[in-house]
Amino acid sequence: MPELPEVEVVRAGLAPAVTGARVLAVEVMDPRALKRHTPLGEQPGLGGHGRTLSAETGRSRASDFERRLTGQTLQAPLRRGKFMWIPLADPPGSAPVSPGAAASLAPGTAPTAGTALLAHLGMSGQLLLRATDAADDRHVRIRTWIEHPEHGELRLDFADQRLFGSLALDALTPTAPLGAIPQQAAHIARDPLDEHFDDGAFVAAIRSRGVGAKKLLLDQRLVSGVGNIYADETLWRARVHPEAPGSSLTQRRAASLLHHMREVFAQALAEGGTSFDEQYVNVNGQAGYFAHSLNAYGRGGEACPRCGGPIKRVPFGGRSSHFCPRCQRRPSAPNT
DNA sequence: TTTCGGTCCTGAAAGC
DNA sequence: TGCTTTCAGGACCGAA
């Protein structure tokens, strides 16, 4: 289940092979993997994300995507949170973009910084670099043939079993202080590995909200890149109950959430990300090792590595939360 | 403005 | 053995 560390591993793995490569051909094998893609001249959201695509809409998106991407030159891939994008050929007058330079702008800002190939891996999305004659992987939805000046011809396959992910061509919108970000990712907050992430604003924001800490960590408008796995791990490390209201956290506790979030991300990155049931692999199809380092997520009924008490698994908005009721006490009274 | 629940989707596992 | 149900999850949308 790709969250920030997994997407960053993919981004870093793609960079050497795609930066400077030219797109030779594109084949959309399943238009449902283009849920975020809007053909030129069409209103965003028509038959949009989260809704079933009609056959006609699917064909229209597929042909537009194939036509516009073919022949383009790819730049270095960038990322914010779980969104990753590859800017297409330098638009005239645009500045170089770095991940740390990307900043949120209001949706709807006029696109003036070119176009990018945007990717969101959803739950089971994979971007796989393959030799042009390699055997097919399962669930390949979109196939791209590229030619790199040093590495020659390669295949870049987007595979996605559960179709929660998608590719799209999206307009880049300028950001302050430098750079640009795809419009579809402009509304989300910076991620905690971003050098421009505002720790003070994050702490203030979560302390002003009455909803549970886990919901706040999963809110991509407050901090991006956190999913169910790393939310549970962050809360366990910080000894915060998933349902502890943000307003019940002291300044120090709220800041410690951020500290532990960065800690768990750093460790996951070092171990190549978290892989379950082959739902996440790097660009070479290899699994990460961080699943072995999980303390809470997926360990319902097992002993807490810290206190030995049983890890509890409870329903949480259609999924599950894992925490240690002994280490992560629920606040008994509102903070005053 | 904030919060909640439904929707999209596939395949493994469990239950009957 | 074969069928049905449940579960996993991120992002988005509409309703309250």
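So that the names make sense, note that chain A is the first sequence line, chain B the second, and so on, each numbered from 1.
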Below 4.0 angstrom from OP1 or OP2 of [N], is there any side-chain N or O of [X]?
X      : N      : value
A:K82  : C:dA11 : yes
A:H120 : C:dG10 : no
A:H187 : C:dA11 : no
A:K215 : B:dT2  : no
A:R221 : B:dT2  : no

Separation of [X] atom [atom1] from [N] atom [atom2], in whole Å?
X      : N      : atom1 : atom2 : result
A:L218 : C:dC12 : CG    : C1'   : 15 Å
A:D30  : B:dC9  : CG    : P     : 10 Å
A:R319 : B:dC9  : CZ    : P     : 18 Å
A:L121 : C:dG10 : CG    : P     : 12 Å
A:D219 : C:dA11 : CG    : P     : 10 Å
A:K35  : C:dA11 : NZ    : P     : 14 Å
A:D160 : B:dC8  : CG    : P     : 16 Å
A:N228 : C:dC7  : CG    : P     : 15 Å

Self-check item: For A:F197, all residues meeting ring-ring contact (aromatic ring centres under 6.0 Å, His included), sequence neighbours excluded
Solution: A:F202
Quiz prompt | Non-neighbouring partners of A:E8 that pass side chain to side chain contact (heavy atoms under 4.5 Å, CB included), sequence neighbours left out | solution =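 If we apply the side chain to side chain contact (heavy atoms under 4.5 Å, CB included) test to A:E8, skipping adjacent residues, the hits are A:R11, A:A12, A:R79, A:L269.
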If you restrict it to nitrogen or oxygen atoms, what contacts under 3.5 Å exist between nucleotides 11-15 of chain B and the protein, and what is each distance?
residue, atom, partner, partner atom, Å
B:dG11, OP1, A:H139, ND1, 3.4
B:dG11, OP1, A:H139, NE2, 3.4

Practice problem: Using distance alone, with no hydrogens and no angle criterion, decide if A:R207 and A:Q251 have a side-chain donor and acceptor under 3.5 Å apart. | Solution: yes
Quiz item: Between A:R130 and A:D137, does at least one N-O distance fall below 4.0 Å, as a salt bridge requires?
Solution: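 Yes, A:R130 and A:D137 are salt-bridged.
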Exercise. Mind running salt bridge (charged side-chain N to carboxylate O under 4.0 Å, His left out) on A:R330 and A:E243 for me, showing each step along the way?
Key: CA-CA 7 Å; A:R330 190 174 188 159; A:E243 291 175 25; 2.8 Å; yes
Quiz item: Can you name the residues that form a side-chain hydrogen bond (donor to acceptor under 3.5 Å, both in side chains) with A:R59, not counting sequence neighbours?
Solution: none
Quiz item: Which residue pairs satisfy the salt bridge (charged side-chain N to carboxylate O under 4.0 Å, His left out) criterion with at least one member in residues 65-75 of chain A, sequence neighbours excluded?
Solution: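 Counting only pairs at least two positions apart or across chains, the salt bridge (charged side-chain N to carboxylate O under 4.0 Å, His left out) contacts touching residues 65-75 of chain A are A:D64-A:R67, A:D64-A:R68.
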Quiz item: Mind checking whether A:I311 and A:L294 sit in one hydrophobic cluster, side chains of I, L, V, M, F, W, Y counted as touching below 4.5 Å?
Solution: no
Practice problem: Decide yes or no for A:L128 and A:F158: does some side-chain heavy atom of the first lie under 4.5 Å from some side-chain heavy atom of the second? | Solution: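 Heavy-atom side-chain distance check fails, nothing below 4.5 Å.
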Quiz item: Under a 3.5 Å cut-off on both pairing distances, which runs of 3 or more consecutive Watson-Crick or G-U pairs involve DNA chain B?
Solution: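 Expected stems, ordered by start: B:2-16 with C:2-16.
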